[in-house]
Peer 1: 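Right, I'll just put the structure down here and ask away after.
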Amino acid sequence: MSEKDEKINSLVDMGFSEDEANMAITRCGVDGDLSILIDSISASRVAGTLDLSNHQVTNRFFDCFGGRKKARLLEERKKKRKRYGGTTQGNQPSLDCNHDEHMLIPNPMVGFNLPNYSPPSIRVTRRILEQDIGPPYFYYENVARALNGVWTTFSRSLYGIQPEFVDSKHLCAAARKRGYIHNLPIDNRAPLLPLPPKTIFEAFPRYKKWWPSWDRRTQFNCLLTSVASATVTERIQHALESTGNPPPPSVTERIMAECKRYNLVWVGKNKAAALEPKEIEYLLGFPKDHTRGVCDTNRYKSLGNTFHVDTVAYHLSVLKGMFPNGVNVLSLFTGIGGGEVALHRLGINMRTVVSVEIDKASKRIFRDWWDQTQTGTLIEIDDVKSLTNDEVAQFVTRLGGFDLVIGGSPCNNLAGCNRYTRNGLNGEKSVLFYEYVRILNVVKSAMARK
DNA sequence: TACACTATGACAAACACG
DNA sequence: CGTGTTTGTCATAGTGTA
């Protein structure tokens, strides 16, 4: 079989038509990665059916830039297109293989809507192609501030659907800037109740006692995968003890930088400390002791990598009315089960969850939670790469289809704090995004055949 | 092998300013 | 408008201990 035929076969397996596959190979060449071909097909679907000059999401939050600034951004985009388009890339159409488009992140980062967010939002209308409306519903997540162009690729690979960017600080006491692409309805969402506390003191009143007046934080920064150790807090304590009260600005500024970076709290006189795992569980909407039983390093790591339950639950809440008999879920990059915990807290019964997760500690945490709270079936798979198209199709047949495909692919190579391997979407871990696309497309086409 | 701890100081993108 | 400044980030590699 020639390389071209092989690629066409793979693409057809994923649910693309033979014509589409042929076109993509003509445009991008037979040497291109499968991912580039998928991009190309998705792009032409979008280009062919939607008018890109008119935003499909009319949302006042995308209009929140002042006129001048917006005009400037548009100018820059034009310039970039000029710079990267056409001539330097041979005869490649710029829309297909150009990853340099900007994706505007709305400010404030409140998504399409939020519970109790005022002023009442102007009605958001979002159009999704008929063929891409669920079931299966899908829900994809990653860091909002990825490298430029990455979200354009996410969107393009996921049927041109506009991402929804939400900073969870609008829902809880910690920032968590994330983008979500999904084909769920966005009307009639309902938050989990009670609404979580939105300030540090509401969440942890006991820290008021030792909180210095010059620490003006009211919310935490993003909860990361590792925390400050004793030397950091000792250094702070020493600095405070060796200066007067109040300490000079030079000292407080340095200390504040550490506090913000590590999300420190004040637990005694001059004594700052890292948040405990159970406190992070609470902030992120997990049940008490959810991650208990593995070592602290693994608890922090898996918590740093997970969803904010309340944010995700708010988006998934629309499923409750649609599936009174429960759902079958394909959960990719499950981690400690943020999506499942959200469904559970929404009162949505999970008949079956096929969970793909490679990390042993996360798997154990999730399995323990499942055994203690669920009556449905859990099927565990280790690695997305080893999950073949045939196996996915067999699951679809066996279970009668998936109602929800949910997952957030690795951000390691996209996250700003990675100084070593922030090499973008083709990095070792983040490239697994394309496995999500592959598997989702197989599910879609297998369900369409039924 | 598993864990705890430490130092590291990159980088894009938003922002402020003239 | 360019240009310098600030901000914040689902992190990693290496070392030592048990």
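What you see is a predicted model, and the numbers here were worked out from it, not measured in a lab. Labels below follow one simple rule: chain letters A, B, ... track the order of the sequence lines, proteins then strands, and each chain is numbered from 1. Hydrogens, waters and symmetry mates are skipped; everything else that's a heavy atom, side chains included, is used.
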Peer 1: Counting only side-chain nitrogens and oxygens, does A:Arg176 get under 4.0 Å of the OP1 or OP2 atom of C:dC10?
Peer 2: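 So the side-chain polar atoms of A:Arg176 never come under 4.0 Å of the phosphate oxygens OP1 or OP2 of C:dC10.
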Peer 1: Side chain of A:Cys222: nearest nucleotide among C:dT9, B:dA4, B:dC11?
Peer 2: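 Comparing C:dT9, B:dA4, B:dC11 against the side chain of A:Cys222, the answer is C:dT9.
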Peer 1: Counting side-chain heavy atoms from C-beta on, which of B:dA7, C:dG8, C:dT9 comes nearest to A:Ala415?
Peer 2: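 For the A:Ala415 side chain, the nearest candidate turns out to be C:dT9.
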Peer 1: Under 3.5 Å, which protein N or O atoms sit close to an N or O of nucleotides 3-6 of chain C? Give each pair with its distance.
Peer 2:
none

Peer 1: OP1 or OP2 of C:dC10 less than 4.0 angstrom from a side-chain nitrogen or oxygen of A:Asn142, does that happen here?
Peer 2: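 Negative; the distance criterion is not met.
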Peer 1: For the pair made of CG in A:Leu332 and P in C:dC10, what is the distance, rounded to whole Å?
Peer 2: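 Value for this atom pair: 21 Å.
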Peer 1: Considering only B:dA7, B:dC11, C:dA11, which nucleotide approaches the side chain of A:Cys417 most closely?
Peer 2: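 My answer, after comparing the listed nucleotides, is C:dA11.
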Peer 1: The side chain of A:Leu224 lies closest to which of these nucleotides: C:dA11, B:dA4, B:dA12?
Peer 2: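 When the side chain of A:Leu224 is considered, C:dA11 is the closest of C:dA11, B:dA4, B:dA12.
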Peer 1: Name the nucleic acid region contacted by A:Cys295, choosing base, sugar-phosphate or nothing; use a 4.0 angstrom heavy-atom cut-off, strictly under.
Peer 2: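 Result for A:Cys295 = sugar-phosphate.
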Peer 1: Measure the distance from CG on A:Asn298 to C1' on B:dC5 and round it to the nearest whole Å.
Peer 2: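 After rounding, the reported distance stands at 14 Å.
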Peer 1: Answer with base, sugar-phosphate or nothing: what part of the nucleic acid does A:Ala144 contact at a heavy-atom distance below 4.0 Å?
Peer 2: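 It contacts nothing in the nucleic acid.
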Peer 1: By the 4.0 Å heavy-atom rule, please label A:Gly335 as base, sugar-phosphate, or nothing.
Peer 2: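 The answer is nothing, as A:Gly335 stays clear of every strand by at least 4.0 Å.
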Peer 1: Sugar-phosphate means primed atoms, P, OP1 and OP2; the rest is base. With that split, encode nucleotides 12-18 of chain C 5' to 3' as B, S or - using protein heavy atoms under 4.0 Å.
Peer 2: B------
Peer 1: Please determine if a side-chain N or O atom of A:Thr297 lies less than 4.0 Å away from the OP1 or OP2 oxygen of B:dA4.
Peer 2: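 Answer is yes, contact under 4.0 Å.
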Peer 1: By the definition ring-ring contact (aromatic ring centres under 6.0 Å, His included), identify the one residue from A:Trp214, A:Phe201, A:Tyr207 that meets it with A:Trp266.
Peer 2: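 Only match with A:Trp266 under ring-ring contact (aromatic ring centres under 6.0 Å, His included): A:Trp214.
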Peer 1: Given that both pair distances must be under 3.5 Å and the pair must be Watson-Crick or G-U, what runs of three or more consecutive pairs involve DNA chain C?
Peer 2: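 When the pairs of DNA chain C are grouped into runs of at least three, the stems are B:1-8 with C:11-18, B:10-18 with C:1-9.
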Peer 1: Compare the minimum distances between each of B:dC15, C:dC10, B:dA14 and the side chain of A:Arg145, then state the nucleotide with the smallest one.
Peer 2: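 Closest of the options to the side chain of A:Arg145: B:dA14.
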Peer 1: Find the distance A:Asp167:CG to C:dT7:C1' and express it as a whole number of Å.
Peer 2: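 Between C1' of C:dT7 and CG of A:Asp167: 14 Å.
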Peer 1: B:dA7 and C:dC10: how far apart are their P atoms, nearest whole angstrom?
Peer 2: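 Approximately 23 Å lies between the P atom of B:dA7 and that of C:dC10.
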Peer 1: Could you check whether A:Ser409 gets within reach of a base, just the sugar-phosphate, or nothing at all, counting any heavy atom under 4.0 Å?
Peer 2: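 Base contact - A:Ser409 has a heavy atom under 4.0 Å of at least one base atom.
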Peer 1: Flag yes if more than 12 heavy atoms outside A:Glu391 fall under 6.0 Å of its CD atom; otherwise flag no.
Peer 2: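 Count over threshold, so yes.
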Peer 1: Roughly, in whole Å, what's the span from CG in A:Asn107 to P in C:dG8?
Peer 2: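 Going from CG in A:Asn107 over to P in C:dG8 covers 13 Å.
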